[in-house]
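Contents: one structure, followed by commentary.
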There are 2 protein chains.
Amino acid sequence: METATRRERLRAQTREEAKAAALRQIAAAGPHSLSLNAIGKELGMTGPALYRYFDGRDGLLTELISDGYHDLADAVEAAGEAAAGAEPADRIRALARAFRNWAIAQPHRYLLLFGTPVPGYQAPAHTIEAATRTLQAFLEPIAALGPGSRAAVLEEQLAAGLADRSPDHPWSGPVLRLGVSGWTRMHGVVSLEVEGHFGPMGFDPGLLFEAEIESLIEEAASS
Amino acid sequence: METATRRERLRAQTREEAKAAALRQIAAAGPHSLSLNAIGKELGMTGPALYRYFDGRDGLLTELISDGYHDLADAVEAAGEAAAGAEPADRIRALARAFRNWAIAQPHRYLLLFGTPVPGYQAPAHTIEAATRTLQAFLEPIAALGPGSRAAVLEEQLAAGLADRSPDHPWSGPVLRLGVSGWTRMHGVVSLEVEGHFGPMGFDPGLLFEAEIESLIEEAASS
DNA sequence: TTGAGTTAGTTAGAAGCTCTAACTCAGGTT
DNA sequence: AACCTGAGTTAGAGCTTCTAACTAACTCAA
């Protein structure tokens with residue numbers, strides 16, 4: 001079904017151009033100074049014209065966020081497939097590095113996903129799907145390491161919570177615990193790194209990230 | 001020197017009222033909808049009047065951030081003093097819980113400190129001082145557990161980087177590594193929690209936080 | 001007590017923003 | 001050839017920050 005009318009093609013193209021301009025602006029001066037007028041000017045049209053393409057400023061922003069989640073999930077999944085034949089520990093390393101590389105290559109986009117949300121914002125369903133896709137990629141290699149139980153109550157909550165949404169998932173409590181734990185640890189390092197909070201401390205955040213991953217792998221391999 | 005003129009007292013009071021109103025607004029609708037006009041109205045004056053008190057909207061915002069760093073550092077340090085007699089592991093637990101409690105009691109403030117920064121923003125010096133004060137509180141109990149070396153290059157960078165700024169600090173590389181590692185892990189959990197990213201996963205973030213702290217303590221206690 | 005100086009707060013206005021409404025005009029369809 | 005859809009325009013309401021100029025009140029010193 002690749003039949004798109006001429007109009008639809010042009011429309012899609014303008015949408016992409018507008019989003020690209022928006023990302024440029026966000027990268028340059030932060031999301032708070034994203035201006036529809038300025039985007040319009042960049043595309044050679046007036047501000048209000050963009051309302052034909054997006055549901056206002058907020059609509060554009062949520063679309064950028066949604067795109068980001070999908071893009072990140074794709075990057076992580078691609079790394080997983082590229083390392084499909086490797087040892088479980090190496091698969092985890094590959095996934096984690098893909099996550100961090102995506103973030104530091106475009107910090108403003110990472111912050112769009114995981115920075116300050118506006119109160120009351122509700123992510124659309126397919127966004128949540130993409131977010132869990134990223135997390136899910138880590139579960140298989142973690143499971144292959146056969147982790148033992150540690151925080152039993154937490155693990156039960158995780159297993160039960162997931163079972164609510166997909167009743168016959170294959171993941172054990174410990175696997176899920178290490179999954180979210182890995183997620184929070186990666187986010188902890190990457191988030192502070194892209195926000196510049198390590199500032200003058202004079203160390204390579206990449207090394208800290210690697211150390212955290214190694215620690216996670218060890219925990220996953222210890223029953 | 002508690003002699004403040006009447007004018008100074010009134011001035012200080014209006015400043016505090018303005019900041020309180022600002023925090024209320026941020027809590028209600030996010031930092032992006034903080035409006036000087038609205039604050040003025042709440043205080044019973046016009047918007048431009050606030051320019052006598054703050055260096056514009058950005059000035060007010062940086063002041064709120066700075067206050068936040070000091071407040072957080074105070075809270076963590078207070079918890080450290082309250083647990084001064086306890087075992088090192090229990091001191092770490094007390095500090096970590098104080099950190100998380102501060103954050104979840106006022107999520108908007110935590111996000112002000114550790115959420116999306118505006119590009120180019122440079123924190124004033126005393127803000128950085130308060131930020132390191134928070135981190136430093138963890139170093140003493142970590143050191144008491146006598147951690148062994150793990151990621152040697154990283155540890156050397158941390159020790160050298162700190163030596164640049166305070167030449168005769170008492171902290172070993174492993175202690176510093178576990179310090180920033182603890183910071184990133186706490187931030188990883190707390191940040192995703194206050195941003196609502198755990199949303200429908202149906203587990204208690206507090207349990208995850210505790211598990212991360214236990215894992216950190218174990219690492220610190222293993223030579 | 002009176003006069004001078006400082007400072008808080010005012011209004012007016014420039015420049016920018018989002019967003020709605022009404023209009024024009026070009027492209028595609030019947 | 002006539003019609004309709006949809007892209008893009010301008011106009012304008014109602015916000016915003018922020019500057020400039022002015023008033024009024026308070027503080028302090030002679």
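Quantities reported herein were computed from a predicted structural model and do not represent experimental measurements. Numbered from 1 within each chain, the chains take letters A, B, ... in sequence-line order.
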Candidates D:dT16, D:dA7, C:dT10 - which lies nearest the side chain of A:Tyr53
D:dA7
Side-chain (B:Gln157) to main-chain (A:Asp204) donor-acceptor, under 3.5 angstrom
yes
Please work out if B:Leu60 contacts a base, only the sugar-phosphate, or nothing of the nucleic acid, heavy-atom cut-off 4.0 Å.
nothing
Considering non-hydrogen atoms only, spot the tightest contact between B:Arg11 and B:Arg52 and give its length.
NH2-O, 2.6 Å
Taking the side chain of B:Leu36 as heavy atoms from C-beta outward, which of D:dG6, D:dC18, D:dA11 is closest to it?
D:dC18
Rounded interatomic separation in angstrom, taking CD from A:Gln25 and C1' from C:dT18
14 Å
Hey, does B:Arg57 reach any base, or is it just sugar-phosphate, or nothing, if we go heavy atoms under 4.0 Å?
sugar-phosphate
Mapping A:Ser35 and A:Arg52 onto DNA chain C by nearest heavy atom, which one lands closer to the 5' end?
A:Ser35
How long is the line joining CG of A:Leu43 and C1' of D:dA7, in whole Å?
13 Å
Describe the nucleic acid contact of A:Leu50 in one word from base, sugar-phosphate, nothing, applying a heavy-atom distance below 4.0 Å.
nothing
Please classify the nucleic acid contact of A:Phe54 as base, sugar-phosphate, or nothing, using heavy-atom distances under 4.0 Å.
nothing
A:Ile39 CD1 to C:dT18 C1', straight-line distance once rounded to whole Å:
12 Å
Between D:dT17, D:dG8, D:dT27, which nucleotide gets closest to the side-chain atoms of B:Asn37?
D:dT17
Whole angstroms only, please: what is the CD-P distance between B:Glu8 and D:dT27?
12 Å
Could you tell me how far apart A:Arg15 (CZ) and D:dG6 (P) are, to the nearest whole angstrom?
15 Å
Less than 4.0 angstrom between a side-chain N/O of B:Thr46 and OP1 or OP2 of C:dG9, yes or no?
no
Can you tell me which nucleotide in C:dG9, D:dA20, D:dG8 comes closest to the side chain of B:Pro48?
D:dA20
Spacing of A:Tyr51 atom OH relative to C:dC17 atom P, expressed in whole Å:
11 Å
So does B:Ser181 get a backbone contact from the side chain of B:Thr184, meaning a donor-acceptor N/O pair under 3.5 Å?
yes
What is the separation between atom NE2 on B:His32 and atom C1' on C:dT18, rounded to the nearest whole Å?
11 Å
Where the side chain of A:Met45 is defined as all heavy atoms beyond and including C-beta, which of D:dT27, C:dC19, D:dG8 is the nearest nucleotide?
D:dG8
For the pair B:Glu210 and B:Arg93, evaluate salt bridge (charged side-chain N to carboxylate O under 4.0 Å, His left out) and give the outcome as yes or no after the intermediate values.
CA-CA 8 Å; B:Glu210 294 288 330; B:Arg93 290 186 187 99; 5.6 Å; no
How long is the line joining CG of A:Asp55 and C1' of C:dT20, in whole Å?
13 Å
Mind checking B:Arg7 for me? I need base, sugar-phosphate or nothing, with any heavy atom below 4.0 Å counting as a touch.
base
Would B:His70 and B:His126 count as a close aromatic pair, with their ring centres under 6.0 Å?
yes
